[in-house]
Chemist: 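Here you go, one structure.
For the single chain, residues carry numbers from 1 onward in sequence order. Quick note: numbers below take in every heavy atom, side chains included, and nothing from hydrogens, waters or symmetry partners. Counting convention: from 1, in listed order, for ligands and their atoms alike.
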Amino acid sequence: MNEFASSASAVAPAAVPLLQVEKLAKVFQTCHGPVTVLQDLDLSLNAGERLAIIGASGSGKTTLMQILGTLDRPTSGRCRFAGRDLFAATAAELNRFRNAELGFVFQFHQLLPEFTALENVLLPLLIARQNRHAALPQAEALLQRVGLGHRLHHKPGQLSGGEQQRVAIARALVRRPRLLIADEPTGNLDGDTALEIYQLLDDLHRNSALTLVVVTHNEALAARMDRICRLEQGRLVTLA
Ligand SMILES: Nc1ncnc2c1ncn2[C@@H]1O[C@H](COP(=O)(O)OP(=O)(O)OP(=O)(O)O)[C@@H](O)[C@H]1O
């Protein structure tokens, strides 16, 4: 764990939400004038909670995920992770925080096509300077856990869409992040395969204290989470 993340968890009492967003706004400046996508957005998410975010196309779901994932900065407002103000951190601190504390899954898996499933999952550990010998059993165990123990040495092009997304989930979780951010993780999959991915997320949640924010267009899949919010007019409205 990096110094920013460890000092954050050291100062955070148990009652502090894992993620706390206050009065968040995002305005894009374009040649046609400013485009306000998020405004006055509040969100509080406890450790271990699973939140589904739904909303019309263009309502700002990906914009919000990018900000929660610290891949983009808000125009104004505050985002705290375990009590620590994220956007007050330096770029280097944020980088280390992101690598240690966050896992990302996208609609298109973004696996490296030349690498095997095992190598794709191993990579974040090697980038974090873990010894390959120690990292290998961790990556293998996680691939077993997502049901791909028999596909370790297959490349993404040799795997089905659902299998590729399982590898992407294993890659996102291999460094044991506290928050998993999934932007339309099943948008590219058929109904049965999408359901299998959600069952896998259920399993992973049950067996570890994973906190999950998932964007989906599918309300039946959203209903599997603990809470559903709809993004409308720049704000999150709690539905259930
Ligand atoms: N860099 C940018 N510059 C200007 N406008 C942007 C930029 N990025 C996003 N937008 C605008 O912000 C709005 C929200 O986009 P976003 O991708 O967050 O929506 P979304 O809810 O994820 O949509 P979808 O469900 O279709 O993926 C859109 O109107 C989009 O055109």
Chemist: Can a salt bridge be assigned to the pair Asp202 and Arg224 using a cut-off of 4.0 Å between side-chain N and carboxylate O?
Modeler: yes
Chemist: Under 4.0 Å between a Lys/Arg side-chain N and an Asp/Glu carboxylate O for Lys61 and Asp183?
Modeler: no
Chemist: Side-chain heavy atoms under 4.5 angstrom apart, residues restricted to Ile, Leu, Val, Met, Phe, Trp, Tyr: same cluster for Leu201 and Leu210?
Modeler: yes
Chemist: Under the salt bridge (charged side-chain N to carboxylate O under 4.0 Å, His left out) rule, what pairs show up with a residue in residues 118-146, not counting sequence neighbours?
Modeler: none
Chemist: As a test of reading the model: which residues have a non-hydrogen atom less than 4.0 Å away from ligand 1?
Modeler: Phe28, Thr30, Val37, Ala56, Ser57, Gly58, Ser59, Gly60, Lys61, Thr62, Thr63, His217
Chemist: Would you give me the side-chain donor-acceptor pairs under 3.5 Å for residues 24-36, sequence neighbours excluded?
Modeler:
| unit_1 | atom_1 | unit_2 | atom_2 | d |
| --- | --- | --- | --- | --- |
| Lys26 | NZ | Asp72 | OD1 | 3.3 |
| Lys26 | NZ | Asp72 | OD2 | 3.3 |
| Lys26 | NZ | Arg73 | O | 2.8 |
| Thr30 | OG1 | His32 | N | 3.1 |
| Thr30 | OG1 | Gly33 | N | 3.4 |
| Thr30 | OG1 | Gly33 | O | 2.6 |

Chemist: Just grab all the salt bridge (charged side-chain N to carboxylate O under 4.0 Å, His left out) pairs involving residues 156-168, residues at least two apart or on different chains.
Modeler: Arg151-Glu163, Arg166-Glu196
